[in-house]
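Quick note: numbers below take in every heavy atom, side chains included, and nothing from hydrogens, waters or symmetry partners. Residue numbers begin at 1 in each chain, while the letters A, B, ... track the order of the sequences.
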Amino acid sequence: MSVAVAAPRRRPFIRITGALPGFGLALGYALSWLGFIVLLPLAALFLRASSAGVEGFAVTLSDPRVQHALLLSFGVSAIAALFATLAGVIIAWALTRYDFPGRRLVDAMVDLPFALPTAVAGIALAALYAPDGLLGAPLARLGWQVVYNPIGIFIALVFIGLPYAVRTVQPLIAEIDRELEEAAATLGAARWQTVFQVLVPPLAPAALTGLALAFARGLGEYGSVIFIAGNLPGVSEIAPLLIVIKLSEFDYTGATVIAVIMLAMAFLMLLVINLIQAWSRRRMGNV
Amino acid sequence: MSDLEPQRQRVYTPDSVVTEAPWARAAIIAFAAAFLALFLLLPLGLIFHEALSKGFDAYWQALTDPDAVSAIRLTLLVAAIAVPLNLVFGVAASWAIAKFDFPGKSFLITLVDLPFSVSPVVAGLVYVLLFGAQGLLGPWLQEHNIQIVFALPGIVLATVFVTFPFVARELIPLMQEQGTADEEAALTLGASGLRAFLTVTLPNIRWALLYGVLLCNARAMGEFGAVSVVSGHIRGLTNTMPLHVEILYNEYNFVAAFAVASLLAILALVTLIGKTILEWRYGEAISGRH
């Protein structure tokens, strides 16, 4: 059976198990391509950042415009991710638990923000919410201006984050053992008690994962935001846009510093997601 | 199916103890429908409405404008290069990861997924820092007259970066689930490694492969941020469709902007439809779960 393993190997330094051929070729190719496309360019970024040094970071980060862009990006991404998660859990619940006409169509539609190019989403949202737009006009009559300010960024980021929230929670709602709910009901729990004490705890890790994913995606989002945001420095200018601006001004150090901070935040989110999942596995058994 | 029926009934009985009161149920469905209509359906409909607002002739004129045509051509070309590259990578990476055990495997999976965590703008920036005139390899490239940034190679590289994990992340869990028994049987029966791959593995993963390619292609054609940084926005030369949309929109040429955008929206719809059909018909073949 195991043809390849039977071949005598002298004191293998690294243990590779598997009876199929092609491991060296496949891994070699995958690693070279990964190195060329992902690792080498990212290394170039960190090299550039290290040559900028503490001084480069200090100069860039002391600029109020940079500070505002970073805070705005972090803040609005967090609020939008929170909102998308709350809405996403409700939508996931409706799609999984209830049967209503057009449910499968609605379910398929949730992925639209994944499939629609960000620039297209951006101009559509901007036109929709502009003061003369379909939704913008009635809002403007109420005295609410929702574009060319942070609210516009919020709208775009909710759009972008929604599928992450729905899709991470949905499979867990489908998996919930309904006997738990029956048990709770038989023991005299009101429905709202069952929801908050029996259903919310197992869903919480998935919801948090969705939140972190939506936040990470929102933080780096560019195309869908820049059209609706108005991009006023110090008001509605997001960090990714500031990278583009610094680059067009040939301020490579400035662009690198902002990029490294955003990358660090993205890696932190990746770590947080892994911790949430490890924590939920420990708590729930192997889910 | 028959043993599912009683449970179905219990679940959907409105007065059941394990579901919400009818009014709460109606409110939740209404919220979900209204939210999705407002946030997803309305923007989508608006694209087509704006594109056709000056009639079909204006729409057609915008699409046949030479700059639009060259943007469409460039987008197709970039996708035609980037998607196969990531397809080959995805198959190679998942072959090594799913069919063998070796140290550092889970770290490698994390690295493969890494591009999804990187902002598209940062993805573009890293190539400028590597290959741009001021970049690490810039002087050497200039000496040899190789242009990467602000030209086709840069656009392709940035596109490959942002679509990097799509195929691999569909294949890895599926191929792990499928194990190695089928291929081992083929080998014992005398098939060569390549033959075992082509006649056993490939048919087993074909739907998941198609699924990954579909998503990869949608993102490759629609990528904006990363491509925007490396393209240089040279009209008729390094402008992809999304970049062309941006330029037209910023020139207040809304009909033309939405006309080109409508093509990308159609691409998104076709992708969604294809994805949904694949999930409905071949869900098990894609996820590997039974």
- prompt: Is it the backbone or the side chain of B:Leu42 that comes under 4.5 Å from a heavy atom of chain A, or both, or neither?
  reply: both

Derivation of the side-chain contact (heavy atoms from CB on, under 4.5 Å) call for A:Arg167 and A:Asp111: CA-CA 9 Å; A:Arg167 293 300 183 227; A:Asp111 283 328; 3.2 Å; yes

query: Who among B:Phe254, B:Phe197, B:Phe164 has the most heavy-atom pairs with chain A under 4.5 Å?
result: B:Phe164

- request: Check each atom of B:Leu264 against the heavy atoms of chain A and say whether the ones under 4.5 Å are side chain, backbone, both or neither.
  value: both

- prompt: A:Arg217 side chain to A:Gly161 main-chain N or O, any donor-acceptor pair under 3.5 Å?
  reply: no

Short side-chain to backbone donor-acceptor contact, A:Ser73 and A:Ala239, under 3.5 Å: yes

- line: Cut-off 4.5 Å, heavy atoms of chain B, and the answer for A:Ile90 is both

- request: Answer with side chain, backbone, both or neither: which region of B:Ile28 has an atom nearer than 4.5 Å to a non-hydrogen atom of chain A?
  value: both

- prompt: Looking at B:Ile47, B:Leu136, B:Leu125, which makes the most heavy-atom pairs under 4.5 Å with chain A?
  reply: B:Leu125

- line: The interface call for B:Thr276 against chain A, heavy-atom contacts under 4.5 Å, is side chain

- request: Applying side-chain contact (heavy atoms from CB on, under 4.5 Å), run through A:Thr118 and A:Phe159 and close with a yes or a no.
  value: CA-CA 10 Å; A:Thr118 53; A:Phe159 175 86; over 6 Å; no

query: Under a 4.5 Å heavy-atom cut-off, does chain A meet the side chain of B:Phe161, its backbone, both or neither?
result: both

task: Please look at B:Leu108 and chain A and tell me whether the side chain, the backbone, both or neither of the residue comes under 4.5 angstrom of a heavy atom of that chain.
output: side chain

query: Given the rule in the side-chain contact (heavy atoms from CB on, under 4.5 Å) test, do B:Val160 and B:Asn86 qualify, once you have shown the distances and angles that lead to the verdict?
result: CA-CA 7 Å; B:Val160 169; B:Asn86 277 338; 3.5 Å; yes

message: Looking only at the side chains, is there a donor atom on one of B:Glu183 and B:Thr201 sitting less than 3.5 Å from an acceptor on the other?
response: yes

message: Among A:Leu241, A:Thr256, A:Val195, which residue has the highest count of heavy-atom pairs closer than 4.5 Å to chain B?
response: A:Thr256

Mutual orientation of the aromatic rings belonging to A:Phe227 and B:Phe224 [parallel < 30°, tilted 30-60°, perpendicular > 60°]: tilted

Heavy-atom proximity to chain A below 4.5 Å, by part of B:Leu46: side chain

field: Among A:Pro240, A:Ser224, A:Ala266, residue most engaged with chain B (heavy-atom pairs, under 4.5 Å)
entry: A:Pro240

query: Between A:Arg191 and A:Glu182, is there a side-chain N and carboxylate O pair less than 4.0 Å apart?
result: no

- prompt: Non-hydrogen atoms of chain B under 4.5 Å away: do they reach the side chain of A:Met109, the backbone, both or neither?
  reply: both

- prompt: Under 4.5 Å between any side-chain heavy atoms of A:Ser77 and A:Ile238, yes or no?
  reply: no

field: Proximity breakdown for B:Pro115 and chain A, heavy-atom pairs closer than 4.5 Å
entry: side chain

- prompt: Tell me, side chain or backbone of A:Phe267 under 4.5 Å from chain B's heavy atoms, or both, or neither?
  reply: side chain

field: For chain B, the option from A:Asn274, A:Leu116, A:Leu213 that forms the most heavy-atom pairs under 4.5 Å
entry: A:Leu116

query: A:Phe114 versus chain B, heavy atoms under 4.5 Å apart: side chain, backbone, both or neither?
result: neither

query: For B:Ile97, does its backbone N or O pair with a side-chain atom of B:Lys105 as donor and acceptor, under 3.5 Å?
result: yes

field: chain A contact via B:Phe31 - side chain, backbone, both or neither, heavy atoms under 4.5 Å
entry: side chain

query: What part of A:Leu45 is in contact with chain B, defined as an atom under 4.5 angstrom from a non-hydrogen atom: side chain, backbone, both or neither?
result: both

- prompt: In terms of heavy-atom proximity below 4.5 Å to chain A, should B:Leu44 be classed as side chain, backbone, both, or neither?
  reply: side chain

- prompt: Which bit of A:Ala126 comes within less than 4.5 Å of chain B, counting heavy atoms only: side chain, backbone, both or neither?
  reply: both

- prompt: Is it the backbone or the side chain of B:Phe89 that comes under 4.5 Å from a heavy atom of chain A, or both, or neither?
  reply: both

- request: Name the member of A:Val110, A:Leu39, A:Ile258 that forms the most heavy-atom pairs with chain B at distances under 4.5 Å.
  value: A:Val110

task: Go through the atoms of A:Ala216 and report whether side chain, backbone, both or neither lie under 4.5 Å from a heavy atom of chain B.
output: neither

query: With a 4.5 Å limit on heavy-atom distance, are the side chains of B:Glu246 and A:Ile226 in contact?
result: yes

message: Less than 4.5 Å to any heavy atom of chain B: does that hold for the side chain of A:Phe100, its backbone, both, or neither?
response: side chain

- prompt: Is the closest basic N to carboxylate O distance between A:Asp107 and A:Arg103 below 4.0 Å?
  reply: no

task: Could you have a look at A:Leu162, A:Val106, A:Leu125, A:Leu134 and say which one has the most heavy-atom pairs with chain B under 4.5 angstrom?
output: A:Leu162

- request: Can you tell which part of B:Val88 gets under 4.5 Å to a heavy atom of chain A, answering side chain, backbone, both or neither?
  value: both

message: Heavy-atom pairs under 4.5 Å with chain A: which of B:Ala218, B:Ser117, B:Ala93 has the most?
response: B:Ser117

message: Quick check for you: among A:Leu25, A:Leu31, A:Leu180, A:Leu27, which has the greatest number of heavy-atom pairs under 4.5 Å with chain B?
response: A:Leu27

Heavy-atom pairs under 4.5 Å with chain A, option from B:Thr271, B:Val122, B:Ile29 with the top count: B:Ile29

- request: Compare all side-chain heavy atoms of B:Phe166 with those of B:Asn217 and state whether any distance is below 4.5 angstrom.
  value: no

- prompt: By a 4.5 Å heavy-atom criterion (distance strictly below it), what part of B:Ser228 contacts chain A: side chain, backbone, both, or neither?
  reply: side chain

query: Hey, does the Lys NZ or Arg CZ of B:Arg25 hover above the aromatic six-ring of A:Trp93, less than 6.0 Å from the centre and inside 45° of the axis?
result: no

- request: Begin with the C-alpha distance, continue with both residues' side-chain angles, and end with the deciding distance and a verdict on side-chain contact (heavy atoms from CB on, under 4.5 Å) for B:Val255 and B:Ser53.
  value: CA-CA 7 Å; B:Val255 170; B:Ser53 62; 3.8 Å; yes

message: Please check this pair: side chain of B:Ser119 against backbone of A:Gly220, looking for a donor-acceptor N/O pair closer than 3.5 Å.
response: yes

- request: Mark yes or no for whether A:Lys246, through its side chain, and A:Tyr252, through its backbone, hold a donor-acceptor pair below 3.5 Å.
  value: no

query: Which one of B:Tyr127, B:Phe116, B:Trp280 has the most heavy-atom pairs closer than 4.5 Å to chain A?
result: B:Trp280

